[in-house]
Amino acid sequence: MPRLSFAVGATTLEIDRGDITYEATDAIVNAANTGLRGGGGVDGAIHRAGGPTIMASCRKIGRCPTGQAVITTAGKLKTRWVIHAVGPIYAGLRNDALELASAYRSSLERAIEVGARSVAFPSISTGAYGYPIRDAIQVAINAVSEFVKTHPEALDLVRFVLFSDADYSVYFAEFTCRGAERD
Ligand code: APR
C-alpha cells in the first residue's frame, strides 16, 4: 500500500496501512476508555505488545475523561510514549464530533509537552465505539491540521495508521481529495 502525505506548514500529515504497535514515531496514540483499564482493539494490542508497565502507569493515573488524553511511557514498544486518548462512544449527536476533535487535540498537546516531534494515531472511536469512519476522518484531519497550524514547528510528522484495508481506502480517498501525494 502506498504512503500518502501532504504538508501543513512544517508538519507532514501521512497515512500508512499497518499495526500501530510497530510504529517508531516518538509517540503513538491509543484508543482508550475512561477507566484506562485496557480492552480489545488497538488498546489490547498496545498493552499486549508493550507489556505490563503501561498498565501500571495507567493505574497510577486512574481515569481520563472523554475527549481528553493522558501519557505514559511505552514499555517494550519501539516508541517512547503512549498517549491514551478517549474518544466518544458514537451517539449520533453533535457533541460526538466535538469530543472526537478534542481527543485528537489533547493527544497532540500531551505529545508536545514531552517534546515528541512525531506521533502516530489509530482511527479513534471507529471500532468498538461505533463512529462512522467517513465522518470521523473529517474530524480527525481537521483537528490535526488546525492544531499544527496553531503550533507551527512543534511537530515534524503526524501519521494516521490504518489497520484494515477498508479504513485505509477511505483515508486514501480523503487524502487524495486534499491534494496528498505519494512519499
Ligand atoms: N493498529 C492500528 N489500528 C488498530 C489496531 C492496531 N494494532 N487494532 C485495531 N485497530 C483499529 C481498528 O481497526 C479501528 O479502526 O483501531 C480503530 C479503533 O478501534 P478500537 O480499538 O475498537 O477503538 P475505539 O472504537 O476507540 O473503542 C475504544 O475499545 O478496545 C476498547 O479499551 C478500548 O473501551 C475502549 C474502546
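- From D183, atom CG reaches atom OG1 of T12 across 8.0 Å, with rounding to the nearest 0.5 Å.
- To the nearest 0.5 Å, atoms NZ (K76) and OG1 (T21) are separated by 11.5 Å.
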Check: residues 46-69 side-chain donor-acceptor pairs under 3.5 Å, at least two apart:
from	atom 1	to	atom 2	distance (Å)
H47	NE2	D43	OD1	3.3
S57	OG	T53	O	3.1
R63	NH2	T34	OG1	3.4

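- Residue pairs meeting the ring-ring contact (aromatic ring centres under 6.0 Å, His included) criterion with at least one member in residues 85-115, sequence neighbours excluded: Y90-Y131, Y104-F121.
- Shortest non-hydrogen contact noted between I112 and A154 is CG2-CB, 3.9 Å.
- Under a cut-off of 6.0 angstrom, the local environment of CZ in R80 is sparse, with at most 12 non-hydrogen atoms contributed by other residues, nucleotides or ligands.
- Connectivity analysis of hydrophobic side chains (ILVMFWY, heavy atoms under 4.5 Å, direct or indirect) links Y22 to nothing; its cluster partners are none.
- Counting only heavy atoms from C-beta outward, the side chains of L157 and E14 approach each other to under 4.5 Å.
- Of all the heavy atoms in R117 and E153, the pair that sits closest is NH2-O, 2.7 Å.
- The closest donor-acceptor contact from the side chain of D96 to the backbone of A91 lies under 3.5 Å.
- Residues T73 and V82 fail the side-chain proximity criterion, which asks for heavy atoms closer than 4.5 Å.
- A side-chain contact (heavy atoms from CB on, under 4.5 Å) with I15 holds for exactly one of I141, I137, L162; it is L162.
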* Asked: How far apart are the C-alpha atoms of I124 and Y129, what are their side-chain angles, what is the distance that settles it, and do they pass the side-chain contact (heavy atoms from CB on, under 4.5 Å) test?
  -> CA-CA 8 Å; I124 299 170; Y129 281 0; over 6 Å; no
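- Counting heavy atoms from C-beta outward, N30 and I83 have side chains that stay 4.5 Å or more apart.
- With salt bridges taken as basic N to acidic carboxylate O contacts below 4.0 Å, none links R105 and E109.
- Side-chain atoms of T79 come within 3.5 Å of backbone N or O of T25 as a donor-acceptor pair.
- I28 and I71 are not part of a single hydrophobic cluster, where members link through side-chain heavy atoms under 4.5 Å apart.
- Closest heavy-atom contact between T176 and L4: OG1-CD1, 3.6 Å.
- Every residue was checked against the side chain to side chain donor-acceptor pair (under 3.5 Å) condition with S102, not counting sequence neighbours, and none meets it.
- One hydrophobic cluster, built from ILVMFWY side chains closer than 4.5 Å, holds both L108 and W81.
- Taking the six-membered ring where tryptophan is involved, the planes of F147 and H151 are essentially parallel, since the angle between them stays under 30° and well short of 60°.
- Under the side-chain contact (heavy atoms from CB on, under 4.5 Å) rule, P88 has a single partner from L93, L100, L98, N95, which is L100.
- Side-chain contact between S107 and V119: absent, with no pair of heavy atoms (C-beta onward) separated by less than 4.5 Å.
- At most 12 heavy atoms of other shown residues, nucleotides or ligands fall within 6.0 angstrom of atom CD in E181.
- Under the 4.5 Å side-chain heavy-atom criterion for grouping Ile, Leu, Val, Met, Phe, Trp and Tyr, V42 is connected to L77 within one hydrophobic cluster.
- Heavy-atom contacts from other residues, nucleotides or ligands closer than 6.0 Å to CZ of R178 number more than 12.
- No side-chain donor from either of D156 and S118 sits under 3.5 Å from a side-chain acceptor of the other.
- Side-chain atoms of V170 and R134, non-hydrogen and from C-beta on, do get closer than 4.5 Å to each other.
- V161 and F172 end up in different hydrophobic clusters when Ile, Leu, Val, Met, Phe, Trp and Tyr side chains are linked at under 4.5 Å.
- A continuous path of hydrophobic side-chain contacts links V148 to F6 [ILVMFWY only; heavy atoms under 4.5 Å].
- The closest side-chain heavy-atom distance from I133 to Y171 is below 4.5 Å.
- The salt bridge (charged side-chain N to carboxylate O under 4.0 Å, His left out) test applied to D26 returns no partner, not counting sequence neighbours.
- Between E113 and R110, at least one side-chain N (NZ, or NE/NH1/NH2) sits under 4.0 Å from a carboxylate O, which counts as a salt bridge.
- Residues satisfying the side chain to side chain contact (heavy atoms under 4.5 Å, CB included) test with A24, not counting sequence neighbours, are K78.
- Using a distance-only test at 3.5 Å, with no hydrogens or angles considered, no donor-acceptor pair links the side chain of S123 to the main chain of T126.
- With D167 contributing its side chain and F163 its backbone, the two residues share no donor-acceptor pair below 3.5 Å.
- Heavy atoms only, all atoms of each residue included: I20 and P122 are closest at CD1-N, 3.5 Å.
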